[in-house]
**Q** 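First the structure, which I've put down as structure tokens, then a few questions once you've had a look.
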Amino acid sequence: MHREALAADALVVAPYLLNKVIVHGERAARIVEVEAYQGAEDPASHAYRGRTARNATMFGPPGLLYVYFTYGMHWCANVVCGPEGSARAVLLRAASPLEGLCAMRKARPRARAVEDLCNGPAKLCQALGITGAANGVDLLGDGELRLVSDGVEPPDEPAVGPRVGVAAGAELPWRFWVPGSPSVSRPSSSAPTMGTVDRSGRRRKAHSSR
DNA sequence: CTTTGGATCGTCT
DNA sequence: GACGATCCAAAGG
């Protein structure tokens, strides 16, 4: 991972981050779902209305981790991208556990299946132990938290769709995910990539109820 | 399987 | 004072 690759536009960096690995100490997971947020030009971005104490990290250089607190109980993590000051970022929505499964299960005792450990932006932070204390850390440095490549390339044709949980720009296909990954938070909201899809877009295997 | 509502608090208006 | 870039359990079909 080099910083220059993250200095591109969020719509370029987002699919580029698919299949990269987020590492926190002994824990590691492969990123399988992301969303692009376009700074001042994006009504859904925390930076839409300018710089505040909360979103200050987004205005920093590419490669920083922007962590925010929401719904009174959840942390979510973004990779800052674009040129410094552009306040663009990519939300890490879901990942596939690679290492440190024990620690992840300890952090998320409610999760049953492995694919449920990191299949959501807040679940991912919970499983990896990412909190507000990590806001502003450099993911390309030599700290506990790092963003690395293990050689697995992004998908040739990532699945795309509208972002989750945002009213503004609901028509924009700014969510990207690895087609067919069992760890994606919402496998499909429009076009199925594998098997059949029910009305709410959740995966469903023929004749089975899990 | 689907839908609903509760939890819970920092941030910005 | 209102409302989230969410998650989960419980209740209803």
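Proteins come first, then strands; the chains are lettered A, B, ... in the order of their sequence lines, and each starts at number 1. Note: hydrogens, waters and symmetry copies are ignored here, and every other heavy atom, side chains too, is used.
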**Q** Any strand is fair game: report the nucleotide pairing with B:dT11 by Watson-Crick or G-U wobble, both distances under 3.5 Å, or none.
**A**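 B:dT11 is paired, partner C:dA2.
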**Q** OP1, OP2 of C:dC8 versus side-chain N and O of A:Arg108: anything below 4.0 Å?
**A**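 So the side-chain polar atoms of A:Arg108 do come within 4.0 Å of the phosphate oxygens OP1 or OP2 of C:dC8, strictly under.
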**Q** Between A:Trp75 and A:Phe69, what is the ring plane arrangement, given parallel below 30°, perpendicular above 60°, and tilted in between?
**A** tilted
**Q** For the C1' atoms, the ones on C:dA5 and on B:dT3, what distance do you get once it is rounded to whole angstrom?
**A** 22 Å
**Q** Select base, sugar-phosphate, or nothing to describe what A:Ala122 touches, counting heavy atoms under 4.0 Å on all strands.
**A**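 A:Ala122: backbone/sugar contact only, no base atoms under 4.0 Å.
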**Q** Answer yes or no on whether A:Arg88 is positioned over the face of A:Phe59, meaning its NZ or CZ is under 6.0 Å from the six-membered ring centre and within 45° of the axis.
**A** no
**Q** What nucleic acid atoms does A:Arg54 come within less than 4.0 Å of, heavy atoms only: base, sugar-phosphate, or nothing?
**A** sugar-phosphate
**Q** Determine whether A:Val67 and A:Thr131 make a side-chain contact, defined as any pair of heavy atoms from C-beta on separated by less than 4.5 Å.
**A** no
**Q** Distance check: side-chain N/O of A:Arg93 vs OP1/OP2 of C:dT6, anything under 4.0 Å?
**A** yes
**Q** Starting from A:Val184, can I reach A:Phe176 by hopping between I/L/V/M/F/W/Y residues whose side chains sit under 4.5 Å apart?
**A**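 Cluster IDs for A:Phe176 and A:Val184 match.
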**Q** Between the side-chain atoms of A:Tyr68 and the base atoms of C:dA5, is any donor-acceptor pair under 3.5 Å?
**A** yes
**Q** For A:Phe69 and C:dA5, what is the distance between atoms CZ and P respectively, to the nearest whole Å?
**A**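 For the pair A:Phe69 CZ and C:dA5 P, the rounded distance is 13 Å.
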**Q** Side-chain N or O of A:Arg110 less than 4.0 angstrom from OP1 or OP2 on C:dA9?
**A**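 Yes, because at least one side-chain N or O of A:Arg110 sits under 4.0 Å from OP1 or OP2 of C:dA9.
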**Q** Quick one: is B:dC12 close enough that its OP1 or OP2 comes under 4.0 Å of any side-chain N or O from A:Thr52?
**A** yes
